[in-house]
Trainee: 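Take a look at this one; I'll ask things after.
So that the names make sense, note that chain A is the first sequence line, chain B the second, and so on, each numbered from 1.
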Number of protein chains: 2
Amino acid sequence: MADSGSKVKKTPFVSAAIEKLRGVGMRITSPRIAILETLDQSDLPLNAYALQEAVTLTGKKVDVVSVYRTLKVLRELDLVHYVQSSDGYLACRLEGEHGSASEMIVCDTCGNVMELDIDPCAMTDLSEQLSSLGFKASRITIEVEGVCKSCDGQ
Amino acid sequence: MADSGSKVKKTPFVSAAIEKLRGVGMRITSPRIAILETLDQSDLPLNAYALQEAVTLTGKKVDVVSVYRTLKVLRELDLVHYVQSSDGYLACRLEGEHGSASEMIVCDTCGNVMELDIDPCAMTDLSEQLSSLGFKASRITIEVEGVCKSCDGQ
DNA sequence: CTCGCTGCAAAAAATTTGCACATTG
DNA sequence: CAATGTGCAAATTTTTTGCAGCGAG
């Protein structure tokens with residue numbers, strides 16, 4: 001019984017993640033589903049302990065160790081992004097579009113993170129410089145900190 | 001006596017850093033100089049313990065605690081960049097040019113890091129999207145992982 | 001059934017804090 | 001001299017590891 005809330009229909013992120021896990025031959029377990037769902041419902045990046053706590057609030061229970069192990073897997077599958085400035089992981093909802101690239105803007109005030117949908121490989125100035133250096137990029141991370149529109153008017 | 005090696009003339013990075021520290025009213029102490037010089041001579045990013053070890057190799061001695069405290073200061077003054085993929089700090093040699101922006105390419109093979117000299121605020125695609133979102137950026141970090149030219153031919 | 005995943009206990013590593021003493025400016 | 005910064009000890013926090021038992025496929 002690795003069913004989270006029984007016949008709750010999964011969100012796009014969770015179903016995609018499950019597919020991806022299955023595709024790689026990993027098992028779909030209840031702790032993993034709980035973690036995916038919790039990540040999916042969080043606006044803010046969560047680190048291992050915060051994630052465990054958040055899962056606990058939903059009534060389920062996961063060991064921090066499993067959170068660590070699961071986060072490691074999710075990161076490898078590009079299902080979550082690590083957000084440096086918030087020290088936490090965020091569900092990657094644009095998954096599949098830009099491969100292992102992540103571009104996000106993080107509001108220092110409200111902490112909200114928004115993924116950008118620029119393809120970094122297509123960013124003229126950047127890719128130009130990369131190719132002139134003969135550098136073969138395999139992963140690009142762009143993190144912009146600042147103040148978002150709604151927080152701007154204080 | 002906060003003189004590192006007596007009358008050794010400081011490299012641009014170290015002198016600039018000292019100036020910046022002085023400008024903010026911070027003291028120029030020997031542990032700090034040792035840390036700055038060690039960072040300056042390292043091609044690879046160093047974390048607190050690696051940095052302490054590296055300083056020790058030069059004959060000087062610093063407590064890890066001081067390394068942590070100093071790194072914190074240097075980070076605040078934008079004198080070092082944190083490199084996510086290597087989990088370490090790197091002397092910021094392009095300092096002053098792009099303010100609190102950092103763009104670097106990290107070779108997964110040799111670990112070398114090179115700073116790019118693109119001004120992210122001028123990256124057309126990026127700044128366009130930021131302004132259309134009404135986001136006021138205060139710090140931009142771009143990290144590109146991949147394989148550098150010299151490592152490419154294996 | 002079997003192998004992967006989980007929880008628990010515990011070890012190891014990383015980071016922080018308090019405080020007396022040393023040093024810089 | 002008066003802050004500031006340093007080292008040392010120790011507390012905390014974070015992350016990793018080993019292993020027996022459960023559960024997904």
Trainee: Ignoring backbone atoms, test whether B/K61 places a side-chain nitrogen or oxygen under 4.0 Å from the OP1 or OP2 oxygen of D/dC8.
Mentor: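 Yes, within the criterion.
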Trainee: Strictly below 4.0 Å, N to O, side chains only: are B/E143 and A/R139 in salt-bridge contact?
Mentor: no
Trainee: In this structure, how many angstroms lie between the C1' atom of D/dT14 and the CG atom of A/L51, rounded?
Mentor: 15 Å
Trainee: Between B/L21 (CG) and D/dT4 (C1'), how many Å, whole number?
Mentor: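 The answer, rounded to whole Å, is 13 Å.
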Trainee: Quick one: A/Y49 OH to D/dT15 C1', roughly how many Å, whole number?
Mentor: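 About 8 Å, once rounded to whole Å.
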Trainee: Does a side-chain N or O of B/R32 approach OP1 or OP2 of D/dG5 to a distance below 4.0 Å, or not?
Mentor: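 The answer is yes; a side-chain N or O of B/R32 sits under 4.0 Å from OP1 or OP2.
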Trainee: Between A/G25 and A/V65, which residue's closest nucleotide on DNA chain C lies nearer the 5′ terminus?
Mentor: A/G25
Trainee: I need the B/S132 OG to A/K149 NZ distance, nearest 0.5 Å.
Mentor: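 Here the interatomic distance stands at 8.5 Å.
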Trainee: D/dT15, D/dG18, C/dT15: which one has an atom nearest the side-chain heavy atoms of A/R69?
Mentor: D/dG18
Trainee: Assign A/V62 to base, sugar-phosphate, or nothing according to its heavy-atom contacts below 4.0 angstrom with the strands shown.
Mentor: sugar-phosphate
Trainee: More than 12 heavy atoms of other residues, nucleotides or ligands under 6.0 Å from CD of A/E76: yes or no?
Mentor: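 It does: A/E76 CD has more than 12 such atoms within range.
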Trainee: Before giving the answer on side chain to side chain donor-acceptor pair (under 3.5 Å), spell out for B/R75 and B/Y82 the whole-Å C-alpha distance, their side-chain angles and the decisive distance to 0.1 Å.
Mentor: CA-CA 8 Å; B/R75 196 176 15 178; B/Y82 176 67; over 6 Å; no
Trainee: OH of A/Y68 versus P of C/dA14: gap in Å, rounded?
Mentor: 13 Å
Trainee: Checking contacts here: which listed nucleotide (D/dT6, C/dC5, D/dG25) is nearest the side-chain heavy atoms of B/S66?
Mentor: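 For B/S66, the side-chain atoms sit closest to D/dT6.
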Trainee: Take the protein atom CZ of A/R27 and the nucleotide atom P of C/dT2, then report the distance between them rounded to whole Å.
Mentor: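 Nearest whole value for this atom pair: 13 Å.
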Trainee: In this structure, how many angstroms lie between the P atom of D/dT13 and the CD atom of A/Q52, rounded?
Mentor: 14 Å
Trainee: How many whole angstroms separate atom CD of B/E53 from atom C1' of C/dA13?
Mentor: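 Those two atoms, CD and C1', are 14 Å apart.
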Trainee: Rounding to a whole Å, what distance do you find between B/D63:CG and C/dC21:P?
Mentor: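 In whole Å, C/dC21 P lies 17 Å from B/D63 CG.
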Trainee: Are A/Y68 and A/V80 linked, directly or through other ILVMFWY residues, by side chains that come within less than 4.5 angstrom of each other?
Mentor: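 As far as the 4.5 Å side-chain criterion goes, A/V80 and A/Y68 are not connected within one cluster.
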Trainee: Taking 4.0 Å as the cut-off, does a side-chain nitrogen or oxygen of B/T29 come that near to OP1 or OP2 on D/dT6?
Mentor: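 For B/T29, the contact criterion (side-chain N or O under 4.0 Å from OP1 or OP2 of D/dT6) is met.
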